[in-house]
Amino acid sequence: MAHKAAQWPSEETLLLWKREQARLKARMVDRDTEAWQRDPTFSGLQRVGGVDVSFVNGDSDRACASLVVLSYPELKVVYEDSHMVHLKAPYVSGFLAFREVPFLVELVQRLQEKEPGFMPQVLLVDGNGVLHQRGFGVACHLGVLTDLPCVGVAKKLLQVDGLENNSLHKEKIMLLQAGGDTFPLMGNSGTVLGMALKSHEHSTNPLYVSVGHRVSLEVAVRLTHHCCRFRIPEPIRQADIRSRDYIRRTLGHPGSPAQRQERSQKEQRPKVCPKDGPGAPADQGRPPEDYGRDSSTDLKDPQPGFQEQQKDQQLERTEHHEDSDLPPPPTWVQSPP
DNA sequence: GCGACAG
DNA sequence: ATCTTGTCGC
């Protein structure tokens with residue numbers, strides 16, 4: 001009995017969600033607040049985090065949430081925490097945070113409690129920041145709730161405030177030459193909501209970078225670019241790779257009975273090396289029901305459009321084997337600062 | 001009915 | 001987000 005699939009939120013729920021976004025938005029800071037952000041070389045920046053949530057096949061509510069921390073500028077993984085979760089809210093464009101953010105916050109809290117020395121100085125988030133229907137995407141949401149500097153990095157343009165992925169936009173993309181090239185995403189309001197970034201020399205489709213929290217757009221873009229070994233910034237890419245890997249190791253392949261060894265949620269190994277697995281503290285057993293917001297399901301159809309995206313991904317596949325392998329990993333590879 | 005739709 | 005093999009290119 002899989003937990004029932006979430007249903008489409010009621011209008012009332014959507015109203016509450018919008019109100020929550022407006023409330024939290026008042027706390028968002030859209031400028032640089034850290035010393036390293038002012039430095040041309042980001043001197044002082046040592047840890048960059050990345051978060052992602054990967055899903056289980058057809059299950060609309062089972063997923064693996066991952067938080068990784070990479071050293072900067074080496075971009076080596078120094079901390080990892082992957083964790084199976086039960087999603088309670090459906091995906092609704094404009095409300096991604098209500099689906100994923102509770103689990104991302106939990107990952108940050110676990111890090112704060114167990115290895116505060118590994119707390120990232122900035123977090124790259126898979127999704128938008130202020131480039132959003134109401135100027136408060138998941139990167140802003142996570143940033144405000146954790147008070148960590150956050151950058152929104154989306155792979156597709158969210159068409160809001162007059163922004164359109166039309167022929168004009170595609171022309172601008174074609175004009176991007178070298179990795180690091182950008183063009184501003186100006187909404188009808190005249191505000192620059194974000195930047196399209198050619199993140200890699202051989203990358204066709206740009207990334208859409210926007211401010212999440214406690215960072216300027218300029219720094220957000222420069223940092224994102226400096227984190228790209230491939231099209232997707234390494235912190236997000238590693239979080240994605242490891243969360244997907246965790247699912248494959250834990251659930252095995254759907255069609256093979258040999259992999260029936262399903263570890264239930266107890267098996268979640270937090271991180272640090274002490275061979276003595278601390279197991280689950282005691283927090284994930286009973287989530288407060290008054291999550292307030294939840295419900296409903298929804299799935300999107302893939303659109304038969306561009307085939308270029310796969311080109312970039314293939315480029316990554318051909319070379320990512322250098323670090324994609326991780327046995328039952330000891331989470332971090334460096335000594336605490 | 002048609003188009004849009006971060007992850 | 002997820003489903004998947006081969007294929008082309010350096």
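Source: prediction; values computed, not measured. Side chains are part of it too, since the values below use all heavy atoms of this structure and drop only hydrogens, waters and symmetry mates. Naming: A, B, ... by sequence-line order, numbering from 1 per chain.
When the nucleotides B:dA6, C:dA1, B:dA4 are ranked by their closest atom to the side chain of A:Q159, B:dA4 comes out on top. Among B:dA6, C:dA1, C:dT2, the nucleotide with an atom closest to any side-chain atom of A:H132 is B:dA6.
Among the protein residues, A:G152 comes within range of no part of the nucleic acid, since none of its heavy atoms lies under 4.0 Å from any strand. Counting non-hydrogen atoms under 4.0 angstrom, A:V138 reaches a base of the nucleic acid. Residue A:D126 is in sugar-phosphate contact alone, with no base atom involved, counting any heavy-atom pair closer than 4.0 Å across all strands shown.
When the P atom of C:dC10 is taken as reference, atom CD of A:E201 falls 14 Å away, rounded to whole Å. One can place CG of A:D52 at 15 Å from P of B:dA6, the figure rounded to the nearest angstrom. The distance from atom CG of A:D161 to atom C1' of B:dC5 is 17 Å, rounded to the nearest whole Å. In this structure, A:F103 atom CZ and C:dA1 atom P are separated by 18 Å, rounded to whole Å. Remark: C1' of B:dG3 and CD of A:E164 are 11 Å apart, rounded to the nearest angstrom. Between the C1' atom of B:dC5 and the CG atom of A:L14 lies a distance of 14 Å, rounded to the nearest Å. Nucleotide B:dC5 holds its C1' atom 12 Å from the CG atom of A:N128, rounded to whole Å. Across the protein-nucleic acid pair, A:Y91 atom OH and C:dT2 atom C1' stand 14 Å apart, rounded to whole Å.
Taking side-chain N and O atoms only, A:K156 has no distance below 4.0 Å to OP1 or OP2 of C:dA1. The phosphate of B:dA6 (OP1 or OP2) has no side-chain N or O of A:Y208 nearer than 4.0 angstrom. Phosphate proximity of B:dA4 to A:S93: absent, as no side-chain N or O sits under 4.0 Å from OP1 or OP2.
In this structure, A:R23 fails the cation-pi test against A:F136, since its NZ or CZ atom is not both closer than 6.0 Å to the six-membered ring centre and inside 45 degrees of the ring normal. By the 6.0 Å and 45° rule, A:R222 stacks over the aromatic ring of A:F42.
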* To do: Would you check, one step at a time, whether the test side chain to side chain contact (heavy atoms under 4.5 Å, CB included) holds for A:L223 with A:L124?
  => CA-CA 9 Å; A:L223 175 65; A:L124 300 189; 4.2 Å; yes
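Remark: A:D147 engages A:R214 in a salt bridge, criterion side-chain N to carboxylate O under 4.0 Å. The pair A:D81-A:R110 meets the salt-bridge criterion, since a charged nitrogen lies less than 4.0 angstrom from a carboxylate oxygen.
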